[in-house]
Participant: 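A single structure is presented below for examination.
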Amino acid sequence: MTNYIMNINSQSNGDHKIHKMTCDRLPNLGNRLYLGDFQSYHDAVREAKKYDPEADGCLHCSPECNEE
(Lines give C-alpha, C1' and ligand atoms only; values in the text may rest on other atoms or scores of the structure.)
Protein backbone atom coordinates (compact mmCIF):
# COMPACT_ATOMS: atom_id res chain seq x y z
CA MET A 1 0.00 0.00 0.00
CA THR A 2 1.14 3.53 -0.76
CA ASN A 3 0.18 6.92 0.67
CA TYR A 4 -1.07 9.57 -1.74
CA ILE A 5 -1.67 13.30 -1.61
CA MET A 6 -3.29 15.84 -3.91
CA ASN A 7 -1.95 19.32 -4.52
CA ILE A 8 -4.68 21.74 -3.38
CA ASN A 9 -3.28 24.36 -5.77
CA SER A 10 -4.44 23.79 -9.32
CA GLN A 11 -2.19 23.73 -12.37
CA SER A 12 -2.56 26.37 -15.08
CA ASN A 13 -5.04 24.06 -16.85
CA GLY A 14 -7.19 23.81 -13.71
CA ASP A 15 -6.44 20.26 -12.62
CA HIS A 16 -4.93 19.14 -9.31
CA LYS A 17 -1.98 16.76 -9.37
CA ILE A 18 -1.95 13.55 -7.34
CA HIS A 19 1.39 12.31 -5.98
CA LYS A 20 2.78 9.32 -4.17
CA MET A 21 4.29 10.44 -0.87
CA THR A 22 7.67 9.28 -2.21
CA CYS A 23 7.54 11.61 -5.23
CA ASP A 24 10.39 14.11 -5.49
CA ARG A 25 7.93 16.75 -6.81
CA LEU A 26 5.58 16.97 -3.82
CA PRO A 27 3.97 20.35 -3.18
CA ASN A 28 4.79 22.30 -0.01
CA LEU A 29 3.26 20.90 3.19
CA GLY A 30 0.59 23.60 3.30
CA ASN A 31 -0.59 22.70 -0.21
CA ARG A 32 -1.22 18.98 0.37
CA LEU A 33 -4.51 17.16 0.84
CA TYR A 34 -3.90 13.68 2.22
CA LEU A 35 -5.96 11.18 0.22
CA GLY A 36 -5.06 7.97 2.01
CA ASP A 37 -3.24 4.68 1.67
CA PHE A 38 -4.23 2.73 -1.46
CA GLN A 39 -3.36 -0.53 -3.21
CA SER A 40 -3.16 1.16 -6.59
CA TYR A 41 -2.72 4.57 -8.08
CA HIS A 42 -6.07 4.17 -9.81
CA ASP A 43 -7.78 3.92 -6.41
CA ALA A 44 -6.07 7.13 -5.31
CA VAL A 45 -7.22 8.90 -8.48
CA ARG A 46 -10.79 7.75 -7.84
CA GLU A 47 -10.60 9.21 -4.31
CA ALA A 48 -9.10 12.50 -5.56
CA LYS A 49 -11.89 12.91 -8.12
CA LYS A 50 -14.33 13.20 -5.19
CA TYR A 51 -12.67 16.55 -4.45
CA ASP A 52 -11.88 17.59 -8.02
CA PRO A 53 -13.25 15.79 -11.10
CA GLU A 54 -10.25 17.09 -13.05
CA ALA A 55 -7.66 15.55 -10.68
CA ASP A 56 -4.79 14.03 -12.62
CA GLY A 57 -1.80 11.86 -11.90
CA CYS A 58 1.75 13.14 -11.58
CA LEU A 59 3.76 12.64 -14.76
CA HIS A 60 6.84 11.73 -12.69
CA CYS A 61 5.65 9.33 -9.98
CA SER A 62 2.75 7.69 -11.84
CA PRO A 63 2.83 8.41 -15.56
CA GLU A 64 0.23 5.71 -16.24
CA CYS A 65 -2.42 7.96 -14.67
CA ASN A 66 -1.29 11.24 -16.19
CA GLU A 67 -3.73 12.62 -18.75
CA GLU A 68 -1.77 15.67 -19.95
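Below, all heavy atoms of this structure are taken into account, side chains as well, without hydrogens, waters or symmetry copies.
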Participant: Measure the spacing between CG of Leu59 and SG of Cys23 and express it to the nearest 0.5 Å.
Facilitator: 9.5 Å
Participant: Go through the structure and list residues passing side-chain hydrogen bond (donor to acceptor under 3.5 Å, both in side chains) with Ser40, not counting sequence neighbours.
Facilitator: Asp43
Participant: Output yes when a side-chain donor or acceptor of Tyr41 lies under 3.5 Å from a complementary backbone atom of Cys61, and no otherwise.
Facilitator: no
Participant: Could you check whether any side-chain heavy atom of Pro27 comes within less than 4.5 Å of a side-chain heavy atom of His19, counting everything from C-beta outward?
Facilitator: yes
Participant: Quick one: name the residues clustered hydrophobically with Ile5, using the 4.5 Å side-chain heavy-atom rule over I, L, V, M, F, W, Y, and just say none if it's on its own.
Facilitator: Met21, Leu26, Tyr34
Participant: Looking at Asn13 and Asp15, would you say the former's side chain and the latter's main chain have a donor-acceptor pair under 3.5 Å?
Facilitator: yes
Participant: Taking all non-hydrogen atoms of both residues, which atom of Ala55 and which atom of Ile18 are closest, and how far apart?
Facilitator: CB-CD1, 3.9 Å
Participant: With Leu33, which residues qualify under side-chain contact (heavy atoms from CB on, under 4.5 Å), at least two apart?
Facilitator: Met6, Ile8, Leu35, Tyr51
Participant: Please name all residues satisfying side-chain contact (heavy atoms from CB on, under 4.5 Å) with Thr2, sequence neighbours left out, ordered by chain then number.
Facilitator: Tyr4, Lys20
Participant: According to salt bridge (charged side-chain N to carboxylate O under 4.0 Å, His left out), does anything in residues 23-40 pair up with another residue at least two apart or in another chain? List the pairs.
Facilitator: none
Participant: Of all residues at least two apart in sequence or in a different chain, which pass the side-chain hydrogen bond (donor to acceptor under 3.5 Å, both in side chains) check with Glu47?
Facilitator: Lys50
Participant: Rounded to the nearest 0.5 Å, how far does NE2 of His16 lie from CG of Asp56?
Facilitator: 11.0 Å
